[in-house]
Engineer: 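Got a structure here, written out as structure tokens. Questions coming.
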Number of protein chains: 2
Amino acid sequence: MAIRQDIHNSEIPALCRSCEARHRGVCGALTPEQLVELSRHTTKRKVEPGTVLVSDSDTIDSYANVLAGVVKLVKTLPDGRQQIVGLQFAPDFIGRPFKQESSITAEAATAVRVCAFPKTSLDRMIDQAPELGHRLHLQALDELDEARDWMLTLGRKTAAERVASFLHLIARHGDPEAESAGEISFDLPLTRADIADFLGLTIETVSRQLTKLRKDGLITVENNRHITVFDLDRLERRANI
Amino acid sequence: MAIRQDIHNSEIPALCRSCEARHRGVCGALTPEQLVELSRHTTKRKVEPGTVLVSDSDTIDSYANVLAGVVKLVKTLPDGRQQIVGLQFAPDFIGRPFKQESSITAEAATAVRVCAFPKTSLDRMIDQAPELGHRLHLQALDELDEARDWMLTLGRKTAAERVASFLHLIARHGDPEAESAGEISFDLPLTRADIADFLGLTIETVSRQLTKLRKDGLITVENNRHITVFDLDRLERRANI
DNA sequence: GTCTTCGCTTGATCCAGGTCAAGGCGATAC
DNA sequence: GTATCGCCTTGACCTGGATCAAGCGAAGAC
């Protein structure tokens with residue numbers, strides 16, 4: 001009991017409180033007792049960009065929560081062509097409940113902190129805590145909406161619209177460093193190659209479209225990573241949102 | 001009680017048994033009592049192709065199950081460009097739980113029979129029947145997988161691969177009329193314009209690719225609608241599945 | 001019968017974005 | 001210092017699929 005109390009008051013709840021603060025975390029749906037139970041099997045990891053968290057060839061035996069950084073969900077054709085089918089920001093949940101395998105690879109796009117736990121523990125808890133299942137259901141529905149939004153982008157938008165849509169997405173989901181009166185700054189969490197794979201374009205086209213936005217005075221780019229958008233409304237109009 | 005029994009034994013259960021038979025139906029997750037309760041508010045409709053079942057501009061106040069036919073989920077840009085982001089076959093569930101509005105229009109692609117019921121009734125039942133919530137969760141996850149598969153198609157496949165992927169999809173999900181030793185026949189549930197909107201192409205390109213498959217001896221087309229695929233494996237190879 | 005409409009195909013031409021190639025620039029290695 | 005590497009940009013050229021245009025055939029309308 002002393003030990004449980006110890007765990008409860010020290011490491012895990014702090015970690016999980018950060019999930020709870022936002023909408024998509026798993027931990028917020030659990031009772032303190034369940035948190036302690038889960039904490040026994042929880043590992044908090046910090047990984048480098050490029051680290052594969054879940055491979056499409058493996059069977060899935062663990063779930064994770066993103067605590068910081070960005071994770072990309074990638075699908076690959078036999079000949080190597082790739083498509084990023086989703087970006088997971090903190091505190092998103094990573095995993096495919098109710099299935100042993102997934103055809104998706106989850107890979108750290110930036111430096112990432114994750115909180116991982118075995119599939120079996122959480123699957124057991126879903127039965128015990130309806131609120132938890134409900135939260136996962138809500139995230140699945142949110143992700144479905146996002147995926148379908150992006151299908152419209154991939155199927156029908158021009159390169160210029162896609163790049164503007166991407167910047168708009170990051171401006172909304174990433175951590176803004178500065179924001180005032182429609183002006184907003186942020187760091188791109190993806191390389192040009194990743195952006196291309198997300199937008200169904202080539203790196204050259206992405207680069208050219210960013211240059212165009214720069215020359216048209218909508219954005220500035222520093223060190224290839226740091227973006228300032230001067231007028232979000234104008235960007236939205238370019239994105240055709 | 002006599003009336004309830006009456007309803008229970010006549011119209012509704014027969015209707016719902018057809019849902020129950022497959023995996024995605026809502027009704028199979030309900031107790032007989034709940035079925036009767038739901039049946040009070042249920043309307044079974046038969047609609048023409050082109051009928052809008054859910055409009056993206058309205059607030060959603062009803063759910064539906066597809067009993068027969070195909071429903072297309074469409075997203076539209078302000079300038080009229082369209083993308084079909086999903087196809088619903090019997091006994092799929094149509095609706096967006098836990099949200100008042102959706103940015104998607106659901107429209108009958110073929111003649112369709114649906115079983116519609118008010119959102120409020122079902123939302124109440126989700127709380128009472130965990131099995132029902134679970135089923136809806138499973139369908140959401142399935143649809144998410146499908147949407148992400150299609151994102152790969154839209155972002156990275158060529159026109160030839162897209163058309164082959166589409167035929168492969170219909171061969172799997174549609175009702176096959178004949179099937180033996182890799183040969184399979186079916187009716188296309190979509191017009192060329194719909195196929196184009198599903199694949200992110202133009203009708204001309206779809207037409208040309210179908211002609212190419214025909215000339216290459218992989219398929220025959222009768223009356224623009226009826227397709228016979230001679231060798232599903234060869235089609236899969238063209239689709240790069 | 002003719003006329004119109006709708007869904008589809010086919011051909012000719014165009015262009016957005018892909019491909020190929022060269023070079024810039026900052027970071028790390030030696 | 002210089003060399004190498006990774007990431008990005010820019011230019012020149014090419015091509016897959018879009019666009020424009022014509023026509024076909026089946027299904028009503030009259």
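Convention: sequence-line order gives letters A, B, ...; per-chain numbering from 1. Keep in mind that the numbers below use all heavy atoms, side chains included, and drop hydrogens, waters and symmetry copies.
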Engineer: In whole Å, I'd like the distance from the CG atom of A:Leu199 to the P atom of C:dG18.
Structural biologist: 10 Å
Engineer: Distance-only, no hydrogens or angles: does the B:Arg81 side chain make a donor-acceptor pair with backbone N or O of A:Arg156 under 3.5 Å?
Structural biologist: yes
Engineer: Ignoring backbone atoms, establish whether A:Arg208 has a side-chain N or O less than 4.0 Å from OP1 or OP2 of D:dT10.
Structural biologist: no
Engineer: Verify whether the ring centers belonging to B:Phe89 and B:His173 lie closer than 6.0 Å.
Structural biologist: yes
Engineer: So if I take every side-chain heavy atom of A:Gln209 and compare against C:dT10, D:dT10, C:dG17, which nucleotide ends up nearest?
Structural biologist: C:dG17
Engineer: Calculate the interatomic distance between A:Asp194 atom CG and D:dG6 atom P; express it in whole Å.
Structural biologist: 16 Å
Engineer: Whole-Å distance between C:dG26 C1' and A:Arg225 CZ?
Structural biologist: 14 Å
Engineer: Contact class for B:Leu201 (heavy atom, under 4.0 Å): base, sugar-phosphate, or nothing?
Structural biologist: sugar-phosphate
Engineer: If I take atom CG in residue A:Leu188 and atom P in nucleotide D:dC7, what distance separates them, rounded to the nearest angstrom?
Structural biologist: 15 Å
Engineer: Is there a side-chain contact between A:Thr205 and the phosphate of C:dG17, meaning an N or O under 4.0 Å from OP1 or OP2?
Structural biologist: no
Engineer: Whether B:Arg192 contacts C:dC8 is assessed here as follows: a side-chain N or O lying under 4.0 Å from the phosphate OP1 or OP2. Is that the case?
Structural biologist: yes
Engineer: With respect to the side chain of B:Ile203, which nucleotide from D:dG17, C:dT9, C:dG17 is positioned closest?
Structural biologist: C:dT9
Engineer: What's the CD1-C1' distance between A:Ile195 and D:dT9, to the nearest Å?
Structural biologist: 14 Å
Engineer: Can you classify the ring geometry of B:Tyr63 versus B:Phe93 as parallel (below 30°), tilted (30 to 60°) or perpendicular (above 60°)?
Structural biologist: tilted
Engineer: Output yes when a side-chain donor or acceptor of A:Arg113 lies under 3.5 Å from a complementary backbone atom of A:Lys46, and no otherwise.
Structural biologist: no
Engineer: Distance check needed: D:dT10 C1' versus A:Lys212 NZ, whole Å only.
Structural biologist: 16 Å
Engineer: CG of A:Leu210 versus P of D:dT10: gap in Å, rounded?
Structural biologist: 10 Å
Engineer: How close or far is atom P of D:dC14 from atom CD of A:Glu204, stated in whole angstroms?
Structural biologist: 16 Å
Engineer: Would you please confirm or rule out a distance under 4.0 Å between OP1 or OP2 of D:dG17 and any side-chain N or O of B:Thr202?
Structural biologist: no
Engineer: Pick from A:Lys157, A:Arg162, A:Glu161: which one makes a side chain to side chain donor-acceptor pair (under 3.5 Å) with A:Asn240?
Structural biologist: A:Glu161
Engineer: Quick check: on DNA chain C, is the nucleotide nearest B:Ser207 upstream (toward 5') of the one nearest A:Asn224, or the reverse? Name the residue that is more 5'.
Structural biologist: B:Ser207
Engineer: Both B:Gly200 and A:Val206 contact DNA chain D. Taking the nearest nucleotide for each, which residue is further toward the 5' end?
Structural biologist: A:Val206
